[in-house]
Visitor: 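Dropping the structure in here first, questions after.
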Amino acid sequence: MNLVAVGVTFRTADVGLRERIAFSDPQRDAAAADLAARYGCEAAVLSTCNRVELFLARPGAGDLPDAALLAEFLGEYHRVAPEEVRPHLARRPGEDGVRHLFRVAASLDSLIVGEGQIAGQVKASFEAARSLGTTGPVLNALFQHAQRAAKRVRSETGIADGHVSVSSVAVDYVRQVFDHFGDKTVLVIGAGKMGRLTLKHLCHLRPKQILVANRSAEKAEDIAKKCGGKAVAWDRLDEALAHADIVLSTTGSPEPLVSAARYATVRNRRGGRTAVILDIAVPRDFDPAIHDGDTTFVFNIDDLKNVREQTLTRRRVHVERAESIIEEEARRFLENWDRRKHGPLIARLTEEFETKRKEVLEPLLARLNGKLTEKDRNEIVSAFRLYQNKLLHGPIAALGEASRETHGSSLSEAIRRLFRLD
Amino acid sequence: MGITHACFGLSYLTALVLELVRQGHPGRAVRVAGLVAGVAGLVAQTIFLAVHQPNPATAYGSLLLLAWVLAVFYLYGSVHHRSPAWAVFVLPVVIVLVALSFLSARNGGDIGSWFSPDRFWGAVHGLLLLAGSVGITVGFLASVMYLVQARRLRRKRPPLGGLRLLSLERLETMNRRAITLAFPLLTVGLLLGAMRVPLAGGPAASWLDPKVLGTVGLWIVALLLLYLRYATHVPPRRLAFLTIVAFALMLVTLIASHPLSMGEGSG
């Protein structure tokens, strides 16, 4: 397969270089168009925070640009010295390139194995390149199969199970306790950065009401305005706690905000209703003793990080199976490609033999007309057809073998010339 | 018809094993194979029930009918929720009920036609109690899942680690609805049964029969569950334990022989 994948990833370069050669979406599209025009080949560019990769291919023979040339291209595009980029470029030609893209799309080559974003980023890169017309038969088939392989990995292994960001894990916990949110009240205490992110996730659950409590009334109003909630006075915190089903606490308070004794009075006012408290403040805002695992669940930042670690450990168990799926899919893709690549030549060769057979057989049958029974005639026709198939078997089988041994193009050229197919 | 308890019991067991395998090797093929085994078991059991028409007044018949309803419940849940947890919790109960039914048959469970016009009210009484039992069993399953889920959350285990269970709120709702539906069915079933003892000319000792006492006990536990749920703030975990007690009592009641089944052949 005439394909090359060249790029810089978090494995080969630090973030300092990666951020300098990263492409925004419009830059990515312009770069793909530029590559396709400059080198006369199919081109697609994948650019994420962890990788910048160029995929170049040709349906037929012909050299593809080497790593030095592509380092120059990247350097020129981003105004970085090519010699600075070149040592960090990994080049994967042919089958290696196929396997690499499949692994990338399946998130096996990601910083966090099993993360869900990369599949969408691969798809977006491909769609953009296709709509620009910089892809062709090779990259179209390759990227489409890569997406199928990634989907298979995700559905047949547990590699994508669970969440690994603290805010997603927090929301996962909430969803394990509550089923519907249209009747739930969320109380946000404080205004930490992590809290804002988690609140964003909680807002997606569409709770009935969001209350915001902050020592600063202005800050509370500001956050409430942004999330469509209602600010509550700081001195009415206990009342809000008694009312809330989900509490997100993220203050910068040096002392615990709610002691076990204080929460005991709140609990008495709750009428046995369940509460989930996401205490992602450091130091913690809620006394861990409040967690009773019955009607009150308190999850602090360490609990959420532990879950993240356990999820990653569990995902690693599935890597071996995922790799075998990728290997299987890559092999299948390459076999299909070989068949497809030589399809037109085989069709042309068969057509040529068919014509030749008819040229010999039809005059013969015309000469023998009247001297043959129907049975004799059929036997002669069958014998010629069998002879034709036996002659064809050799070149067709050789084409299949040669493409796997990477000299398919020279053999196909030889066959064209031997049988005068042009 | 050569269908036996082993046919559907082993089909359900196969479905359970495949669902457990799916925990380690998630995949469409294993899921489909598990569902096919489950459907095969259900079809075999349905044919068996249609042919043999077991008497719900007997331990043999009631356990088998209850297992059948739960098998339907398992298939619905597996298709609807697409979670292996469903099968992992429901199928063992189905298999145990089938096994208990099989053992009851060996101990002399009667088999024969029971839903005939002259036994109409007996059949209605039996079916109502059986429907109530289904409610208690669904409540039991929801309670077991609730306790497992609550334990995971109490220990702060990963939300998606191991079996993927429904949320506590959902399981609690399922338990509440099951018991709320079971209670009126048990009440009417029990009243019909109480009216039938003098009509059938049953002995006074029938009132003290273990099955009658068990059914009354079950009704009281269901009433207690409803009271605790709606009139007090008892934590759902305690209600879940009480529902498990109700299920145990129900099993004992189902296994006990019916006071009128000897004379009448139906409940």
Side-chain angles (χ1 to χ4, degrees), chain A residues 151-164 168-181 183-184 245 267-274 276 288 291-300 302-315 317-318 321-322 325, chain B residues 20-33 80-85 142-143 145-177 227-241:
Chain A
K151 195 173 170 189
R152 216 187 127 196
V153 165
R154 295 176 87 80
S155 65
E156 291 184 24
T157 72
I159 203 154
D161 280 357
H163 287 113
V164 287
S168 300
V169 171
V171 174
D172 270 348
Y173 266 130
V174 172
R175 295 183 76 105
Q176 294 288 300
V177 176
F178 296 121
D179 182 52
H180 45 273
F181 297 89
D183 58 349
K184 303 291 183 298
D245 302 289
R267 191 184 273 130
N268 289 338
R269 292 160 62 187
R270 294 184 55 80
R273 283 184 305 117
T274 303
V276 177
H291 175 85
D292 62 10
D294 199 354
T295 56
T296 313
F297 299 90
V298 181
F299 302 105
N300 61 43
D302 278 356
D303 299 328
L304 302 177
K305 282 183 176 167
N306 281 344
V307 169
R308 173 195 157 99
E309 288 312 310
Q310 288 175 42
T311 302
L312 286 174
T313 306
R314 223 175 32 252
R315 282 182 179 186
V317 172
H318 297 278
R321 168 79 184 125
I325 290 174
Chain B
L20 289 170
V21 167
R22 207 175 135 210
Q23 292 297 303
H25 304 277
R28 192 179 150 80
V30 186
R31 174 177 146 78
V32 171
H80 184 68
H81 296 294
R82 301 177 68 88
S83 160
S143 298
M145 284 191 260
Y146 183 95
L147 291 172
V148 173
Q149 178 74 308
R151 188 166 181 266
R152 280 166 60 181
L153 288 168
R154 192 164 54 252
R155 295 179 170 208
K156 303 183 179 183
R157 302 291 299 273
L160 298 175
L163 291 171
R164 293 180 197 180
L165 293 171
L166 299 174
S167 67
L168 290 181
E169 187 178 30
R170 182 85 175 267
L171 292 168
E172 204 265 334
T173 306
M174 193 193 292
N175 184 6
R176 188 184 66 228
R177 285 184 184 160
Y227 170 75
L228 291 175
R229 186 175 300 279
Y230 290 109
T232 67
H233 295 310
V234 173
R237 202 154 60 94
R238 286 188 205 163
L239 292 174
F241 279 121

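We name chains A, B, ... by the order of the sequence lines, and we start the count at 1 in each one. Values reported hereafter were calculated over all heavy atoms of this structure, with side chains retained and with hydrogens, waters and symmetry mates removed.
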Visitor: Out of Val177(A), Leu304(A), Asp303(A), which one racks up the most heavy-atom pairs below 4.5 Å with chain B?
Guide: Val177(A)
Visitor: Measure the shortest side-chain to side-chain distance between Leu239(B) and Tyr146(B) over non-hydrogen atoms and say whether it is less than 4.5 angstrom.
Guide: no
Visitor: Could you tell me whether the side chain of Val174(A) reaches within less than 4.5 Å of the side chain of Phe181(A), counting heavy atoms only?
Guide: yes
Visitor: Under a 4.0 Å threshold between the charged nitrogen and the carboxylate oxygen, would Arg170(B) count as salt-bridged to Asp179(A)?
Guide: yes
Visitor: Taking side chain as everything from C-beta outward and backbone as N, CA, C, O, which of these in Phe178(A) sits under 4.5 Å from a heavy atom of chain B? Side chain, backbone, both or neither.
Guide: both
Visitor: Any side-chain heavy atom of Arg238(B) within less than 4.5 Å of one from Pro235(B)?
Guide: yes
Visitor: Between His180(A) and chain B, which part of the residue has a heavy atom less than 4.5 Å away: side chain, backbone, both or neither?
Guide: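 Contact with chain B: backbone and side chain both.
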Visitor: Could you tell me whether the side chain of Arg315(A) reaches within less than 4.5 Å of the side chain of His318(A), counting heavy atoms only?
Guide: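 Sidechains of Arg315(A) and His318(A): no contact.
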Visitor: Heavy-atom distance under 4.5 Å to chain B: side chain of Asn306(A), backbone, both or neither?
Guide: neither
Visitor: Out of curiosity, Phe299(A) CZ to His291(A) NE2, how far, rounded to the nearest 0.5 Å?
Guide: 6.0 Å
Visitor: Would you mind checking which part of Arg321(A) comes under 4.5 Å of any heavy atom in chain B, side chain (CB onward), backbone (N, CA, C, O), both or neither?
Guide: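 Contact with chain B: none, neither part.
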Visitor: Which residue out of Ser155(A), Gly158(A), Gly271(A) racks up the most heavy-atom pairs below 4.5 Å with chain B?
Guide: Gly271(A)
Visitor: Can you tell me which of Arg154(B), Glu172(B), Glu169(B) forms the most heavy-atom pairs within a distance under 4.5 Å of chain A?
Guide: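 Among Arg154(B), Glu172(B), Glu169(B), the one with the most close pairs to chain A is Glu169(B).
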